[in-house]
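Okay, so here's the structure we're looking at.
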Amino acid sequence: MGSDYTTLSRHVLTQMGGFSADAYDISALMGRIGLAGKIIARQLSRAGLVADVLGITGTTNIQGEEVKKMDEFANQAFIRAFEQSGLVCRLASEEMEKPYYLPENCPIGRYTLVFDPIDGSSNIDVNLAVGTIFAVRQAEQTPPEDPDRDLLQPGHKQIIAGYLLYGSSTMLVYSMGKGVHAFTLDSSLGEFILSHENIKMPDKGFIYSVNEGNFSQWSEGMQNYIRYVHRQPGYSARYSGALVADIHRILFQGGVFLYPGTTKHPHGKLRLLYENAPLAYIIQQAGGKASNGKEDILDITPQSLHDRSPLFIGSKEDVDLVLSFLNG
Ligand code: FDP
């Protein structure tokens with residue numbers, strides 16, 4: 001625990017290098033993300049005791065996946081946190097087909113927010129870790145016929161990216177391009193307190209994280225990589241079913257997370273804009289690497305809000321090794 005109890009807002013102001021209007025806006029914006037995270041964490045902690053935490057809503061999202069009650073709750077928590085904030089004009093998330101406009105913020109809202117409200121939602125009903133992923137970009141003037149244009153930008157246009165992990169404690173991890181910093185929620189204070197500053201991940205690890213149930217549907221290169229780690233002493237498989245939790249482990253301990261394309265789904269399962277790109281930003285800021293097998297994740301321009309892409313992310317040497325198998 002940071003001995004001086006640095007709060008999230010104070011840390012953001014320090015990162016912004018002063019007390020300018022921009023610094024206060026970004027600090028307020030991060031405060032709103034933290035608030036939504038606290039509301040979600042509180043709701044998750046009461047799963048099984050109050051209605052509307054466990055189970056499904058009975059509807060499907062734009063990707064055709066069942067919407068869980070917590071997906072809906074968390075999506076609304078973010079929308080409510082940004083209403084009347086004057087900060088964000090548009091939000092886009094996994095749970096919404098189109099971006100959500102907050103017209104009251106639009107004249108002055110200079111930022112856009114993309115987020116995955118609950119990542120790993122199949123874990124909710126069995127009380128395992130889940131997360132929220134987010135990224136902020138500068139809003140730009142967009143033509144009425146192409147209102148999504150400034151959301152469909154490559155990951156290196158993100159000005160802030162991060163995630164919340166609802167695990168044995170609730171953590172918020174973020175980067176504004178000046179290193180990766182982690183905060184732990186002190187629920188008695190109701191504050192995120194700096195717990196790990198300037199996280200640097202190992203260049204090489206011994207964890208590989210992948211759903212091996214898909215083995216028969218992978219390319220030969222991908223199968224050969226997995227055969228290789230099976231033969232090497234020292235590797236451990238870890239896969240929780242929640243991307244945020246698996247990436248969090250790799251951020252601290254090194255290793256590689258893989259979600260390749262399959263014969264049925266060549267682009268894999270994970271979404272570029274609000275899953276892969278924010279996590280790639282964090283991992284690269286910590287000294288790691290993220291690729292879709294061919295290109296750096298942060299260089300890819302999404303063609304639509306819900307585009308998917310394969311993901312190979314983690315310690316530099318591990319990702320390079322995977323790429324060498326994939327590319328022969
Ligand atoms: P979920 O669908 O439960 O939200 O975001 C997609 C995701 O979870 C990731 O969090 C997780 O790593 C992955 O899907 C799990 O997918 P598989 O069940 O195909 O392994």
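Atoms within each ligand, like the ligands themselves, are counted from 1 in listed order.
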Arg137, Lys157, Arg90 screened by salt bridge (Lys or Arg N to Asp or Glu O under 4.0 Å) with Asp150, the one that passes: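 With Asp150 as partner, salt bridge (Lys or Arg N to Asp or Glu O under 4.0 Å) holds for just one option, Arg90.
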Considering only heavy atoms from C-beta outward, does the side chain of Glu95 approach that of Glu72 to under 4.5 Å?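 Counting from C-beta outward, Glu95 and Glu72 never come under 4.5 Å.
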OH on Tyr163 to CG on Leu172, rounded to 0.5 Å: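 That separation rounds to 9.5 Å.
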Ring geometry between Tyr235 and Tyr228 (parallel below 30°, tilted from 30 to 60°, perpendicular above 60°):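 It falls in the perpendicular class, over 60°.
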Considering the options Phe82, Tyr101, Phe134, which one meets the side-chain contact (heavy atoms from CB on, under 4.5 Å) requirement together with Leu91?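 Among Phe82, Tyr101, Phe134, the one meeting side-chain contact (heavy atoms from CB on, under 4.5 Å) with Leu91 is Phe82.
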For residues 109-128, which side-chain donor-acceptor pairs fall under 3.5 Å, sequence neighbours excluded?
{"from": "Arg110", "atom 1": "NH1", "to": "Asp22", "atom 2": "OD1", "distance (Å)": "2.9"}
{"from": "Arg110", "atom 1": "NH2", "to": "Asp25", "atom 2": "OD2", "distance (Å)": "2.2"}
{"from": "Asp119", "atom 1": "OD2", "to": "Leu243", "atom 2": "N", "distance (Å)": "3.2"}
{"from": "Asp119", "atom 1": "OD2", "to": "Val244", "atom 2": "N", "distance (Å)": "2.9"}
{"from": "Asn123", "atom 1": "ND2", "to": "Ala129", "atom 2": "O", "distance (Å)": "2.9"}
{"from": "Asn123", "atom 1": "ND2", "to": "Ser240", "atom 2": "O", "distance (Å)": "3.2"}
{"from": "Asp125", "atom 1": "OD1", "to": "Gly55", "atom 2": "N", "distance (Å)": "3.1"}

Are there any protein N or O atoms under 3.5 Å from the N or O atoms of ligand 1? List them with distances, or say none.
{"from": "ligand 1", "atom 1": "2 (O)", "to": "Lys269", "atom 2": "NZ", "distance (Å)": "3.0"}
{"from": "ligand 1", "atom 1": "3 (O)", "to": "Ser121", "atom 2": "N", "distance (Å)": "3.1"}
{"from": "ligand 1", "atom 1": "3 (O)", "to": "Ser122", "atom 2": "N", "distance (Å)": "3.3"}
{"from": "ligand 1", "atom 1": "4 (O)", "to": "Gly120", "atom 2": "N", "distance (Å)": "2.9"}
{"from": "ligand 1", "atom 1": "4 (O)", "to": "Ser121", "atom 2": "N", "distance (Å)": "3.3"}
{"from": "ligand 1", "atom 1": "5 (O)", "to": "Asp119", "atom 2": "OD1", "distance (Å)": "3.1"}
{"from": "ligand 1", "atom 1": "5 (O)", "to": "Glu275", "atom 2": "OE2", "distance (Å)": "2.4"}
{"from": "ligand 1", "atom 1": "10 (O)", "to": "Asp119", "atom 2": "OD1", "distance (Å)": "2.7"}
{"from": "ligand 1", "atom 1": "10 (O)", "to": "Asp119", "atom 2": "OD2", "distance (Å)": "3.3"}
{"from": "ligand 1", "atom 1": "10 (O)", "to": "Gly120", "atom 2": "N", "distance (Å)": "3.3"}
{"from": "ligand 1", "atom 1": "10 (O)", "to": "Leu243", "atom 2": "N", "distance (Å)": "2.9"}
{"from": "ligand 1", "atom 1": "12 (O)", "to": "Leu243", "atom 2": "N", "distance (Å)": "3.2"}
{"from": "ligand 1", "atom 1": "14 (O)", "to": "Lys269", "atom 2": "NZ", "distance (Å)": "2.9"}
{"from": "ligand 1", "atom 1": "16 (O)", "to": "Lys269", "atom 2": "NZ", "distance (Å)": "2.9"}
{"from": "ligand 1", "atom 1": "19 (O)", "to": "Tyr259", "atom 2": "OH", "distance (Å)": "2.6"}
{"from": "ligand 1", "atom 1": "20 (O)", "to": "Asn211", "atom 2": "ND2", "distance (Å)": "2.8"}
{"from": "ligand 1", "atom 1": "20 (O)", "to": "Tyr239", "atom 2": "OH", "distance (Å)": "2.5"}

